[in-house]
2 protein chains.
Amino acid sequence: MEHEKNQQLQDFVYQGKSYPCCTSLTMGLIGGKWKTVILYHLLQGPLRYSELRQQMPQVTERTLSLQLKALEKDQLIKRKVYHQKPPLKVSYSLTDLGKTLEPLILQLAQWGELVMQNQISMAQAQTEK
Amino acid sequence: MEHEKNQQLQDFVYQGKSYPCCTSLTMGLIGGKWKTVILYHLLQGPLRYSELRQQMPQVTERTLSLQLKALEKDQLIKRKVYHQKPPLKVSYSLTDLGKTLEPLILQLAQWGELVMQNQISMAQAQTEK
DNA sequence: CAGGATCCAGGATGATACTG
DNA sequence: CAGTATCATCCTGGATCCTG
């Protein structure tokens, strides 16, 4: 007799979390409402906290802060503090691992644009099988 | 070719929802814990409700049902009912739009596998600046 | 077989005020 | 400037039972 029947499937584990599928693992790291947006902006290069806020005015300070910490913990971005006299300066940039996400992020962006462009024409061309 | 630094805070709207970035739009459609897993399995071909459950034993009936409806509403999958005498048969498959997600889903899967493979070697090679 | 109906816990996100 | 602390809310997803 086996004890637990639900955990015997192949789980993908990373950073202490387990995922039911390799796509879930990826989504666990870049999923959520803001992470891909942050990564998308960081593709251009390092940005400061305030610069990120300017580019994403809808996000709150708290949420941005939390998402940045999560991304940093997962080693997708790195946080650099410039120890000059105040005002404080902190910049965020992609890690090497984070840079490997570039094609993925770009494809996410492209697909979003594709859907935007096609949603009207698709309504007309509506092919049903 | 330079693009505007001052990107307007234009929202991306699809299916009545608005997103702050084109990547958000994509994530809004395939984000969450289960949608990419469902799509990943449907890449092989149509599957019945019970077959999906077998391939994703960790998901509950309710959640699978909700996610399938969301994907259907966003026109990424289609639901086909076979009107035979009971037992009822329903199959889910990708729409044409859903099929355009194939490269993206595969890339999500590949990146997840990459991270799994590299997480040990990265712990050693840990380059810090 | 393929879900719908409920109830519910926890996480994700937001608003606002405050700090080193 | 770059966050934290606190409180409130919303939403996702889980457990369980029920039905056409």
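We use all heavy atoms of the structure for the numbers below, so side chains are in, but hydrogens, waters and symmetry mates are not. The model shown is predicted, which means the values in this text are computed figures rather than measured ones. Every chain is numbered from 1, with letters handed out A, B, ... down the list of sequences.
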Nearest-0.5 Å distance that lies between atom CG in B/Leu52 and atom CD in B/Gln67: 12.0 Å
Minimum heavy-atom distance between A/Tyr40 and A/Ala109, given as atom pair plus value: CE1-CB, 3.7 Å
NZ/B/Lys17: more than 12 non-hydrogen atoms of other groups inside 6.0 Å: no
Touch class at under 4.0 angstrom, heavy-atom based, for A/Gln67 against every strand present: sugar-phosphate
Integer-rounded Å distance: C/dG10 C1' and A/Lys17 NZ: 13 Å
Name of the residue among B/Leu42, B/Ile77, B/Ile30, B/Leu66 meeting side chain to side chain contact (heavy atoms under 4.5 Å, CB included) with B/Leu71: B/Ile77
Counterpart residues, salt bridge (Lys or Arg N to Asp or Glu O under 4.0 Å), relative to A/Glu61 (two or more places apart): A/Arg53
Heavy-atom side-chain contact between B/Leu64 and B/Ile38 under 4.5 Å: yes
Length of the line joining B/Tyr82:OH and C/dG3:P, which is rounded to integer Å: 13 Å
Nearest-Å distance for atom pair CG/P, residues B/Leu52 and C/dA2: 10 Å
Between CG on residue A/Leu101 and CG on residue A/Leu29, distance to nearest 0.5 Å: 8.0 Å
Short side-chain N/O contact from B/Thr63 to OP1 or OP2 of D/dT12, under 4.0 Å: no
Side-chain donor/acceptor of A/Gln54 to backbone N/O of A/Glu51, under 3.5 Å: no
Sugar-phosphate only, base, or nothing, as touched by A/Tyr92 at under 4.0 Å among non-hydrogen atoms: sugar-phosphate
Gap between atoms NE2 and P, on B/His83 and D/dG20 respectively (whole Å): 17 Å
For atom CZ of B/Arg53 and atom P of C/dC1, their distance in whole Å: 11 Å
Length of the line joining A/Leu64:CG and C/dG14:C1', which is rounded to integer Å: 13 Å
Below 4.0 Å: OP1/OP2 of D/dG3 and any side-chain N or O of A/Lys69: no
Any B/Arg79 side-chain nitrogen or oxygen under 4.0 Å from OP1 or OP2 of C/dG3: yes
Exam field: side chain B/Ser18 to backbone B/Phe12, donor-acceptor pair closer than 3.5 Å: no
Atom pair distance, as rounded to whole Å: CG in B/Leu68 and C1' in C/dG3: 10 Å
Report each atom pair, protein N/O against N/O of nucleotides 16-20 of chain C, whose distance is under 3.5 angstrom.
residue, atom, partner, partner atom, Å
C/dA17, N6, A/Glu61, OE1, 3.0

Nucleotide D/dT12, atom C1' - distance to CG of B/Leu71 in whole Å: 14 Å
Overall bend - the helix from C/dC1-D/dG20 to C/dG20-D/dC1, comparing terminal axes fitted on five pairs, nearest 10 degrees: 60°
Got a list of side-chain donor-acceptor pairs under 3.5 Å for residues 86-95 of chain A, not counting sequence neighbours?
residue, atom, partner, partner atom, Å
A/Tyr92, OH, A/Arg79, NE, 3.4
A/Thr95, OG1, A/Gln75, O, 2.6
A/Thr95, OG1, A/Leu76, O, 3.2
A/Thr95, OG1, A/Leu97, N, 3.4
A/Thr95, OG1, A/Gly98, N, 2.9

Those residues of residues 32-50 of chain B lying under 4.0 Å from DNA chain C by at least one heavy atom: B/Arg48, B/Tyr49, B/Ser50
Under 3.5 Å donor-acceptor, B/Gln44 side chain and B/His41 backbone: yes
Qualifying residues under side-chain hydrogen bond (donor to acceptor under 3.5 Å, both in side chains), relative to B/Thr60, sequence neighbours excluded: B/Thr63
